[in-house]
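Here is the naming used below: chain letters follow the sequence lines, and residue numbers restart at 1 for every chain.
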2 protein chains.
Amino acid sequence: MGNSRVTVRWVAEKAGVSPATVSRVSRGSTQVSPELRDRVLRVIEEHGYRPSHFGRALAEKRHGALGLVFPGLSGPYFSELIQGFESEALETGDQVFLLASHYRADTDAKVLDLAARVDGMAIHAGTVSEAAVEEVARQIRVVIMAGEAGPAQASVSTDNSTVGDLTRHLIVDHGYRRLAFVGHPEGSPDVTARWLAFLAAHREAGVEPPADPVRLGLAQSDGAIAARMLLDEGRPPEAVVCANDETALGLTLGALGRGLRVPEDIAITGFDDMPMAALVRPGLTTVRQPVRELATTTARLLHAPLTQKDGDTVLDTEPVLRGSCGCPDGATRPTARTGGDG
Amino acid sequence: MGNSRVTVRWVAEKAGVSPATVSRVSRGSTQVSPELRDRVLRVIEEHGYRPSHFGRALAEKRHGALGLVFPGLSGPYFSELIQGFESEALETGDQVFLLASHYRADTDAKVLDLAARVDGMAIHAGTVSEAAVEEVARQIRVVIMAGEAGPAQASVSTDNSTVGDLTRHLIVDHGYRRLAFVGHPEGSPDVTARWLAFLAAHREAGVEPPADPVRLGLAQSDGAIAARMLLDEGRPPEAVVCANDETALGLTLGALGRGLRVPEDIAITGFDDMPMAALVRPGLTTVRQPVRELATTTARLLHAPLTQKDGDTVLDTEPVLRGSCGCPDGATRPTARTGGDG
DNA sequence: TATGTTCCTGAAACCGGTTTCAAGAGACCG
DNA sequence: CGGTCTCTTGAAACCGGTTTCAGGAACATA
């Protein structure tokens, strides 16, 4: 029934009206008399007429769709990101098209292709080349998530400096001196900022930081690999700051599986405050970031008028102290930047 | 530069040719003389002309895109699924549009909307209502992944009966008598089949199965919740068969965090053989399924001619024995269905 | 009755591509 | 030199909607 044979003109003829009237009925315009409306609706119903997306988009000069580009889908971070973005797009009746780069080389081409099918695009920082972003921004509105934007785009990100607070907490409040950092600073702007905050906190506290981070990805399996690298060698660190919760949990699993105790033998922290962080024992000390707000803000910016000056929005984050850093499993705030009270 | 102002006709006038010629050049037809081709290419290059997706799709009556619908993005299973699907679609020059349902109620509407923008759609079983699938199948070609298809669609799935082999292995080879199953059979056809295989193996071995499964989702956090439900009560099971690796790892984390040993205090198995399964200690006993092949087969079916009789494809799976069930951490095959050799 | 409003409707143009078809130019053949 | 064939090119139709614009009917007002 719902065949592609049925077009406006076909329905029009069948109902004995003009294509204009069919169009008006199908878009719900009030400018049609009740009798004609009924007649048209009956034909539409009976033959399962659905306006072609082709024709409508061409005539309206808009797709009614937004693009969302991000690196991969491991874990709840992107899941939350996507859900937030979609719920906001729902408000404006837009469809969302997802594009996961998987860090593949042909991502730029796909993004360009996608740009021809959507009205605006949100791009997670670090997934697409700068040149491709510029090119897309030339055609449609672009917002960068979790990173800085070029002059032509807006951006929304979260405050990564809280990793510095967490690091200070480990050094000052718990007295750890030999820390490690798991994450690949060159891999994404977020990790870069977290690594720099980690270093800055060491400098401030007068403690020698590790020469290099443990350069691994953000998946849980990377945390398991980190466990092998850090725990199977001579002298494990006292505390490990992970770039996100995923790796922190992978590392925890590796430590426990090796018979180590957390935090007595090794303290571990993450970033994101994903649901698992509160469910594991001991609870994972981490940083809570408003992922959903990041997504909804981005979606809203994509709908703002093009003329508006956007600038870069930075959302607040906060430390969440649980058992894995050595705190009792009820959270408190870490030592403030100006002075320490143990 | 790359303004939307530049259309075929505009470029044509600028280059002193007809729109037909511009179209021919832009699609790479050989039926154009070198001089004209050069002239047109120069104008295209200079003004950044990009054929409107609207117009092209309307004229060609195809979108050059496939839809992929699945419930969520937790973990590597869907990541692998998506990558496999995309790599196959790349072969045919198709764009892939992802739609994650997140088990939300408005998924049917989104799927219908998506159906108007793609040439074919792969739908992961259990994400969309039967009625919506039928409706979509009426408009475009549909393939069901990981579940059974209605009469109008094809399907590709993997063999879940291997969970029975694994269960038998736990009962016969390791002598466990009190087993639990973590997963929600009503949630997806895959879990249904795994739960039934779990029950069948009990019946076959003459061992009393648990009255009910532990009805939880497929995320790692569900495994952590299962740990709370199974381990904090009076009498924990000797072995737990989890519906997938994610939950198995969440459960493992919960068990280790409570000071239990795996497999001495509790044996645990999963399904998927994701990368983490081999990285944790002890290694996770699980079932390997060809997720990538599942995806590529699906994508290929979407391109097959519409007239072809499709039927349902079932891909093989195999058990992978590691330390978490009690085996030594080098894998062997479990007891065959006909007889046991301990 | 003449005039002015308001409301409804359809003809036609338009969105931006592709493709068919026929015409014109030039090459080849007898 | 006339006829046929091949190659290149542009005019025009087409894909399936939306929207402008003007005409006609019904109704109100003077």
Side-chain angles (χ1 to χ4, degrees), chain A residues 2-41 43-44 47-65 93 113 115-119 139-140, chain B residues 2-41 43-44 47-65 93 113 115-119 139-140:
Chain A
N3 209 302
S4 62
R5 277 286 175 71
V6 290
T7 70
V8 238
R9 292 171 229 273
W10 191 90
V11 171
E13 191 180 347
K14 206 79 178 177
V17 299
S18 74
T21 299
V22 174
S23 175
R24 282 190 268 256
V25 170
S26 93
R27 347 199 53 238
S29 159
T30 55
Q31 303 292 79
V32 185
S33 69
E35 313 97 278
L36 283 201
R37 166 183 306 281
D38 283 358
R39 222 157 74 211
V40 171
L41 281 178
V43 176
I44 287 181
H47 297 87
Y49 164 71
R50 287 184 153 270
S52 141
H53 176 69
F54 297 132
R56 180 165 281 184
L58 180 58
E60 290 184 343
K61 302 178 94 162
R62 75 182 281 275
H63 302 262
D113 190 320
R117 304 173 186 250
V118 296
D119 304 313
Q139 305 174 229
I140 56 177
Chain B
N3 210 301
S4 60
R5 277 287 175 71
V6 290
T7 69
V8 239
R9 293 169 226 276
W10 191 90
V11 171
E13 191 179 349
K14 206 82 177 177
V17 299
S18 76
T21 299
V22 174
S23 175
R24 282 191 267 259
V25 170
S26 92
R27 355 198 46 239
S29 161
T30 55
Q31 303 290 77
V32 185
S33 68
E35 315 97 275
L36 282 201
R37 167 183 306 280
D38 283 358
R39 222 159 71 212
V40 171
L41 280 179
V43 176
I44 287 181
H47 297 87
Y49 165 72
R50 287 183 152 272
S52 144
H53 175 69
F54 297 133
R56 180 165 282 185
L58 181 57
E60 290 183 343
K61 299 177 98 161
R62 74 182 284 273
H63 303 263
D113 190 321
R117 306 173 186 249
V118 296
D119 304 313
Q139 304 175 228
I140 56 177

Asker: Take the protein atom NE2 of A:His53 and the nucleotide atom P of D:dC15, then report the distance between them rounded to whole Å.
Answerer: 19 Å
Asker: Would you compute the distance between atom NE2 of A:His53 and atom CZ of B:Arg117 and round it to the nearest 0.5 angstrom?
Answerer: 4.0 Å
Asker: With a 4.0 Å cutoff (strictly under), does any side-chain N or O of A:Arg27 reach OP1 or OP2 of D:dT18?
Answerer: yes
Asker: When you measure only distances, ignoring hydrogens and angles, does the side chain of B:Arg50 come within 3.5 Å of the base of C:dG16 through a donor and an acceptor?
Answerer: no
Asker: Nearest-nucleotide wise, let me know which of B:Thr21 and B:Ala59 is further upstream toward the 5' end of DNA chain D.
Answerer: B:Thr21
Asker: Where does the angle between the aromatic ring planes of A:Phe54 and B:His63 fall among parallel (under 30°), tilted (30 to 60°) and perpendicular (over 60°)?
Answerer: parallel
Asker: Please confirm whether any donor atom in the side chain of B:Arg24 sits under 3.5 Å from an acceptor in the base of D:dG10, or the reverse.
Answerer: yes
Asker: Could you check whether B:Ser52 gets within reach of a base, just the sugar-phosphate, or nothing at all, counting any heavy atom under 4.0 Å?
Answerer: sugar-phosphate
Asker: Specify the closest pair of heavy atoms between B:Ser26 and B:Ile44, including all atoms of both residues, with the distance to one decimal.
Answerer: CB-CD1, 4.5 Å
Asker: OP1 or OP2 of D:dC14 sitting under 4.0 Å from any side-chain N/O of B:Lys61?
Answerer: no
Asker: Distance check needed: C:dG16 C1' versus A:His63 NE2, whole Å only.
Answerer: 12 Å
Asker: A:Glu35 CD to C:dC8 P: how many Å, rounded?
Answerer: 10 Å
Asker: Quick one: B:Arg37 CZ to D:dC7 P, roughly how many Å, whole number?
Answerer: 15 Å
Asker: Of all the choices, D:dT19, D:dG10, D:dG16, which nucleotide is nearest to the side chain of A:Ala20 once you look at every atom?
Answerer: D:dT19
Asker: Side chain of A:Arg56: nearest nucleotide among C:dT18, D:dT18, D:dT8?
Answerer: D:dT18
Asker: Looking at A:Arg39 and A:Gly16, what are the two nearest heavy atoms and their distance?
Answerer: NH2-O, 3.5 Å
Asker: Once you apply a heavy-atom cut-off of 4.0 Å, does B:Val22 come out as touching a base, just sugar-phosphate, or nothing?
Answerer: nothing
Asker: For D:dG17, does the base pair up with any side-chain atom of A:Arg9 as donor and acceptor (N or O, under 3.5 Å, distance only)?
Answerer: yes
Asker: Please state how far atom CD in A:Glu13 lies from atom P in C:dA11, giving the value in whole angstrom units.
Answerer: 12 Å
Asker: For the pair made of CD in B:Glu60 and P in C:dT20, what is the distance, rounded to whole Å?
Answerer: 12 Å
Asker: Nearest whole angstrom, please: distance from the P of C:dG16 to the CZ of A:Arg62.
Answerer: 16 Å
Asker: Should the heavy atoms of other residues, nucleotides or ligands under 6.0 Å from CD of B:Glu13 be counted, would the total exceed 12?
Answerer: no
Asker: Has B:Ser33 got a side-chain N or O lying under 4.0 Å from the OP1 or OP2 atom of D:dT9?
Answerer: yes
Asker: Does the side chain of A:Tyr49 get closer than 4.0 angstrom to OP1 or OP2 of D:dG17 through an N or O atom?
Answerer: yes
Asker: Less than 4.0 angstrom between a side-chain N/O of B:Thr7 and OP1 or OP2 of C:dG16, yes or no?
Answerer: no
Asker: Test A:Val43 against every option in A:Asp38, A:Val25, A:Val11 by the side-chain contact (heavy atoms from CB on, under 4.5 Å) rule and name the one that passes.
Answerer: A:Val11
Asker: I need the CZ-C1' distance between B:Phe54 and C:dC14, as an integer number of Å.
Answerer: 14 Å
Asker: Nearest to the side chain of B:Leu58, which nucleotide is it out of C:dT19, D:dC15, D:dT18?
Answerer: D:dC15
Asker: When the nearest nucleotide of DNA chain D is assigned to B:Gly55 and to B:Ser18 on a heavy-atom basis, which residue is associated with the more 5' position?
Answerer: B:Ser18
